[in-house]
Number of protein chains: 2
Amino acid sequence: MSTELLAYPSSVDGACCAPLVRQPLAAAEATDLARTLKAIADPARLRLLSLVAAHENGEACVCDLTEPLGLSQPTVSHHLKVLVDAGLLTRDKRGVWAYFALVPGALDSLAAVLSTAGDTTARSSALTPSC
Amino acid sequence: MSTELLAYPSSVDGACCAPLVRQPLAAAEATDLARTLKAIADPARLRLLSLVAAHENGEACVCDLTEPLGLSQPTVSHHLKVLVDAGLLTRDKRGVWAYFALVPGALDSLAAVLSTAGDTTARSSALTPSC
DNA sequence: GGGTGACATCGACAGACGTCGATTGCCCGA
DNA sequence: TCGGGCAATCGACGTCTGTCGATGTCACCC
């Protein structure tokens, strides 16, 4: 389940780049895409992604994120779980602390699906070789 | 309200490209971005965008969209309204029919915000000159 | 071994969302 | 002028979602 999002470029069977505006989306593909988009379509989760990415070493623990968000610890933990389940964040438990980091290329492949241009900005890593 | 999304690149005061992973998102910016993402974070609306884009001349009326979606006419009309309000679609009423078309550059600027790369694919049109 | 602190999970609640049938408004052709 | 048909709006319903306090779990330190 943790690699859910990374399945997009390959599961869209051939339509690797910019599939949204090239041909009508099938119901199943739309459901999958919507599931990932719903994960980031929340102010708290967008700020979490932003905070984690901007944190030193590109990783942060819950204690770093609770205060700047102004939300309770269970709520932050819940949002982080949603992002991890969507394949956008990784959880690395080291001792008592849990460190979260962006999955390389996850946001880029999402951006590539939305982009109407033929090329893609998702050239960083973790993408299908056919791209 | 129809230009809601187009306000992003300029309203993110300076952080025109890829602002999400560069610095922590402010609460107001996150709310605005989430509002637009919620508009497309739905299977029916994703398919609507796809159907409109793939239709001939890049525009389609409600009667073209109801059947392939398998939803009632009021529901389709509701989803289209959400997309228009989010600045992703334009409504052009000609006679009895209402034709919907993609706003050029809207999806691209959204993709640019999500992209972790420094550059942007949103070069088609309707973007801020500072990009 | 017991205490402490960080994080996850649970249960509950209010609010938002997607969907539909019924209705209304409106343009066009007869 | 009137009827037919397309699309928007309304009201209602069930479901999903975000949030919290309380509780559970586990690793570290004394």
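Because only heavy atoms are used, hydrogens play no part in the values below, and waters and symmetry mates are left out as well, while side chains stay in. Below, chains carry the letters A, B, ... as their sequence lines are ordered, and counting in each starts from 1.
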Keeping to residues at least two apart or across chains, list the side-chain hydrogen bond (donor to acceptor under 3.5 Å, both in side chains) pairs with something in residues 93-107 of chain B. B/Glu59-B/Arg94, B/Asp92-B/Arg94
Going 5' to 3' on DNA chain D, which nucleotide is the first and which the last to come under 4.0 Å of a heavy atom in chain A? D/dG18 to D/dC28
With rounding to the nearest 0.5 angstrom, report the CG to NZ distance, B/Leu89 to B/Lys81. 13.0 Å
Closest contact, heavy atoms only, B/Phe100 versus B/Val52: O-CG1, 3.3 Å
Heavy-atom check, side chain of B/Ser72 versus side chain of B/Thr66, under 4.5 Å: no
Distance-only donor-acceptor pairs under 3.5 Å for side chains of residues 37-48 of chain A, two or more places apart:
unit_1, atom_1, unit_2, atom_2, d
A/Lys38, NZ, B/Ala41, O, 2.9
A/Asp42, OD1, A/Ala44, N, 2.9
A/Asp42, OD1, A/Arg45, N, 3.3
A/Arg45, NE, A/Ala39, O, 2.5
A/Arg45, NH1, A/His79, ND1, 3.0
A/Arg45, NH2, A/Lys38, O, 3.1
A/Arg47, NE, B/Leu25, O, 3.0

Can you tell me how far apart OG (A/Ser115) and CG (A/Asp108) are? Round to the nearest 0.5 Å. 11.5 Å
Residue-level proximity of residues 51-60 of chain A to DNA chain D when a heavy atom falls under 4.0 Å: none
One should read off an interatomic distance between B/Thr36 OG1 and B/Asp85 CG, to the nearest 0.5 angstrom, of 11.0 Å
A/Thr75 side chain near A/Leu69 side chain, heavy-atom distance below 4.5 Å: no
Under 4.5 Å between any side-chain heavy atoms of A/Leu80 and A/Leu65, yes or no? yes
Closer to the 5' end of DNA chain D via nearest nucleotide, is it A/Arg94 or A/Gly70? A/Gly70
Less than 4.5 Å apart, any side-chain heavy atom of B/Asp64 and any of B/Cys61? yes
With a 4.5 Å heavy-atom cut-off, do A/Leu110 and A/Leu33 have their side chains touching? yes
Kindly state which residues belonging to residues 40-49 of chain A come within less than 4.0 angstrom of DNA chain D, counting heavy atoms of the residue only, listed by number. A/Asp42, A/Arg45
Does any part of the side chain of A/Leu114, heavy atoms only, come nearer than 4.5 Å to the side chain of A/Leu20, both counted from C-beta? yes
Using atom names, set out every protein N or O paired with an N or O of nucleotides 7-14 of chain C below 3.5 Å, distance rounded to 0.1 Å.
unit_1, atom_1, unit_2, atom_2, d
C/dC7, OP2, A/Cys63, N, 3.1
C/dA8, OP1, A/Arg91, NE, 2.8
C/dA8, OP1, A/Arg91, NH2, 2.9
C/dA8, OP2, A/Ser77, OG, 2.3
C/dA8, O5', A/Ser77, OG, 3.4
C/dA8, N7, A/Gln73, NE2, 2.9
C/dA8, N6, A/Gln73, OE1, 3.4

